[in-house]
Amino acid sequence: MDGGLRTRPGLAVQAGTVPLMVRVAVEAERRGLPSFHSSEFYDRSAVVTLAAVAAATSRIRIGSAIAWALGRTPVATATEFRSLAELAPGRVRLGLGTGNPQVISDWHGLDEDRPAARLAELVPLIRRIWEVGTEPVDHDGPFYRCHIPVDPTLQPWPRPADPAGASRPPILLAGGRAPMIRAAGAVADGLMGLPLCSAAFAEEVVRPALAAAAKLAGRERPVPITGMTICAVGEDPARARALAATQLAVFASRASADPLIAFHGFGSEVAAIREAFARRDMPGVAAAVSDRMLDTLTVHGTPEEARQRFAAVFDGVYDEALLFTAGKGMPEGGFEESLLASCEAFGG
């Protein structure tokens, strides 16, 4: 690839308006980036965003990173992403996640203490629902009950070998802790890594756990990793650093980051981050992030600096790399600036 990079990363974006996401996706496609992914929050639907992006683009791959797995029934998830696949044939990927325990309990109102096991049941069930044009669904499992007879009026999906047909979306499970990594290795088409990860943690912890789960499930091919990396790009490197630090701190404050924190010995920094969050001291939150944390876990700086950091640390680490940018905590205009600068830095 030109510019010294072996792989060109795609984008994963959290927050922002739907019109802004469409503008960024169109620019990413124009610049030659391979993919655009939308996350989901209490103010954003991944499916609606991706439908708008699908209508405005023609080549770039699109996907959810992530959609709420527990916020929809299996039928609703299967239906929505089948519809997206009709809008963008061969371009859609379904990334599913549960969110943290607060999201599961307080947002979705569910009492679920085994989210990984629930997703391990959900993924094969979605695939079966996609085949209801030719095969009935009769499923009674620990978490889901679904019974749908064959519908002969439903146009069946073309076989995967049919190049003219719209392929079924690959299903990726998102997670950074061992139970979700094992679930992805057992049943998913790939793992969608969390935005807080390092090259060393991916190679020494995540890949071996994923491979062990796949082997236990009798799968012969390696399960690919789509890895997200926090990214903040702008002409002012100090501002980009602060934006990257704020995003990093948000994820480091969560329990899901504990294995990574212990692996790298970031305990003192994270203790300071969590204390600052408890005081609602956002400048203190960003200040608690050390240079070592930033250089290990993020891509930031001017377009050229960001490109150099990606090349030095993350290029080739994942089967597919995504630059993750969140709008939370960013000043007005900084979010869009960073997204468009990322397209410039990593596009053709």
Side-chain angles (χ1 to χ4, degrees), residues 10 12 34-38 40 45-55 57-97 118-139 141 144 146-175 180 183-192 210 214 217-226 319-320 322:
S35 63
F36 175 89
H37 294 71
S38 174
E40 197 156 57
S45 163
V47 174
V48 173
T49 303
L50 293 174
V53 168
T57 59
S58 60
R59 301 182 309 279
I60 195 168
R61 289 184 287 110
I62 62 176
S64 53
I66 57 169
W68 299 128
L70 306 187
R72 300 172 173 87
T73 67
V75 172
T77 302
T79 301
E80 289 182 342
F81 279 84
R82 181 178 181 125
S83 299
L84 279 175
E86 292 177 358
L87 278 175
R91 295 198 285 140
V92 175
R93 297 199 302 174
L94 168 51
L96 289 173
R118 185 164 179 153
L119 263 62
E121 180 181 335
L122 173 63
V123 171
L125 180 54
I126 290 172
R127 294 191 184 114
R128 291 179 63 190
I129 295 169
W130 280 338
E131 299 297 334
V132 77
T134 55
E135 298 288 338
V137 176
D138 286 304
H139 180 86
Y144 296 105
C146 185
H147 297 274
I148 310 174
V150 171
D151 184 352
T153 68
L154 181 65
Q155 181 69 30
W157 288 78
R159 294 295 97 189
D162 180 0
S167 61
R168 300 158 189 74
I171 303 176
L172 285 68
L173 292 185
M180 199 63 75
V187 302
D189 298 307
L191 173 71
M192 181 76 71
L210 196 62
R219 307 179 76 179
E220 297 181 358
R221 295 182 179 180
V223 178
I225 299 176
T226 297
D319 299 277
E320 180 174 357
L322 301 179

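Side chains are part of it too, since the values below use all heavy atoms of this structure and drop only hydrogens, waters and symmetry mates.
- Proximity of L94 to T77: side-chain heavy atoms (C-beta onward) are separated by under 4.5 Å at one or more points.
- L87 contributes atom CG, which lies 12.0 Å from atom CZ of F81 (distance to the nearest 0.5 angstrom).
- For the residue pair L191 and A184, the shortest heavy atom distance occurs at CD1-CB, 3.9 Å.
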Criterion side-chain contact (heavy atoms from CB on, under 4.5 Å) on T134 and V150, from CA distance to verdict = CA-CA 6 Å; T134 55; V150 171; 5.9 Å; no

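- Put simply, the side chain of R82 never gets that close to the backbone of R168: no donor and acceptor are under 3.5 Å apart.
- What you find for A120 and A183 is that their closest heavy atoms are CB-CB, 4.2 Å.
- Within the 4.5 Å cutoff, no side-chain heavy atoms of V53 are placed close to those of S38.
- Taking CG of L122 as the reference point, atom CG of L70 lies at 8.0 Å (rounded to 0.5 Å).
- The CG atom of L96 sits 8.5 Å away from the CZ atom of R72 when rounded to the nearest 0.5 Å.
- For the residue pair V223 and A214, the shortest heavy atom distance occurs at CG2-CB, 3.9 Å.
- No donor-acceptor pair closer than 3.5 Å links the side chain of D319 to the backbone N or O of T226.
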Worked check of side chain to side chain donor-acceptor pair (under 3.5 Å) between E40 and S64 | CA-CA 8 Å; E40 197 156 57; S64 53; over 6 Å; no

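- Minimum heavy-atom separation, A78 to I126: CB-CG2, 4.1 Å.
- For S45 against V48, the heavy-atom pair with the smallest separation is OG-N, 3.1 Å.
- The closest donor-acceptor contact from the side chain of T79 to the backbone of A76 lies at 3.5 Å or more, if one exists at all.
- At least one side-chain heavy atom of R128 sits under 4.5 Å from a side-chain heavy atom of H139.
- In terms of modelled atom types and a separation under 3.5 Å, the side chain of R61 and the main chain of R93 share no donor-acceptor contact.
- Residue I148 holds its CD1 atom at 9.5 Å from CG of D138, rounded to the nearest 0.5 Å.
- M192 approaches L172 most closely through the heavy-atom pair CE-CD2, 3.9 Å.
- To the nearest 0.5 Å, atom CZ of residue F36 and atom CD1 of residue I60 are 8.0 Å apart.
- Atom CD1 of I129 sits about 12.0 Å away from atom CZ of R127, to the nearest 0.5 Å.
- If you check the side chains of R91 and T57, you find a donor sitting under 3.5 Å from an acceptor.
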